[in-house]
Amino acid sequence: MAETAHHWHLPLGVVDRPDPQDRRKLVRRLLGETADAGGMDRRRTEDLLLVTGELLANAYAHTPGPTAIDVDLLPGRIVVAVTDSSDRPPAVLPYRPARPRGHGMHIVDRLAVRWGVTPAPDGKTVWAVLVVAP
């Protein structure tokens, strides 16, 4: 099993319902540093930001809110994981361009090499794996 080169853990307490915009800025900075550390090119960095944004948006929209985000930089890949307090798994809805919402997990499914859900003690963690280099 490959060793984690770097691990970042960012608690996102739902008790105080922080402003999602502030959290997005913080996460964007963290992910930018992570992508730089992993040697990701600009396009892959944007994919990482988009996937992470979708995982966070789903947690804010469909649960009481995310409780943490974890990022692991491994050889050749980055794993981003968002934990929330709901045990309801996300769903990949069929792509329908005319529908204004509901494309988040479709985007994750298309950009990540794989993704999944892991039960957590008080909810679940939705994670996605992205490659660092083409």
Open item on the list: Apply side-chain contact (heavy atoms from CB on, under 4.5 Å) to residues Val80 and Asp70 and explain how you reach the verdict.
Closed with: CA-CA 6 Å; Val80 61; Asp70 288 271; over 6 Å; no
- [ ] If a pair satisfies salt bridge (Lys or Arg N to Asp or Glu O under 4.0 Å) and one of its residues is in residues 57-69, list it, with sequence neighbours excluded.
- [x] none
TODO: Could you tell me how the ring of His6 sits relative to the ring of Trp8: parallel (under 30°), tilted (30 to 60°) or perpendicular (over 60°)?
DONE: tilted
TODO: For residues Val71 and His9, determine if any side-chain heavy atom of one lies less than 4.5 Å from a side-chain heavy atom of the other.
DONE: no
Open item on the list: Can you confirm whether Pro119 sits close enough to Lys124 that some side-chain heavy atom of one is under 4.5 Å from a side-chain heavy atom of the other?
Closed with: no
Open item on the list: Quick check: do Glu54 and Met105 have side-chain heavy atoms less than 4.5 Å from each other?
Closed with: no
- [ ] Check for a donor-acceptor pair, side chain of Thr63 on one end and backbone N or O of Ser85 on the other, with a separation under 3.5 Å.
- [x] no
Open item on the list: Side chains of Leu130 and Val51, heavy atoms from C-beta outward: is any pair under 4.5 Å?
Closed with: yes
- [ ] Starting at CZ of Arg88, measure out to CG of Asn58 and round the result to the nearest 0.5 Å.
- [x] 9.5 Å
Open item on the list: Please find the pair of heavy atoms, one from Trp127 and one from Val79, that lie closest to each other, and give the distance.
Closed with: CB-CG1, 4.4 Å
Task: Test item: Ile69 and Thr52 side chains (from C-beta on) under 4.5 Å apart, heavy atoms - done: yes
Task: Reported CG-to-OG1 distance for the pair Asp84 and Thr67, which is rounded to 0.5 angstrom - done: 6.5 Å
Open item on the list: Quick one, Pro66 and Thr83 - any side-chain contact, counting heavy atoms below 4.5 Å?
Closed with: no
TODO: Indicate yes or no: at least one non-hydrogen side-chain atom of Arg44 is less than 4.5 angstrom from one of Leu48.
DONE: no
- [ ] Answer yes or no: is there a side-chain heavy-atom contact under 4.5 Å between Asp72 and Ile78?
- [x] no
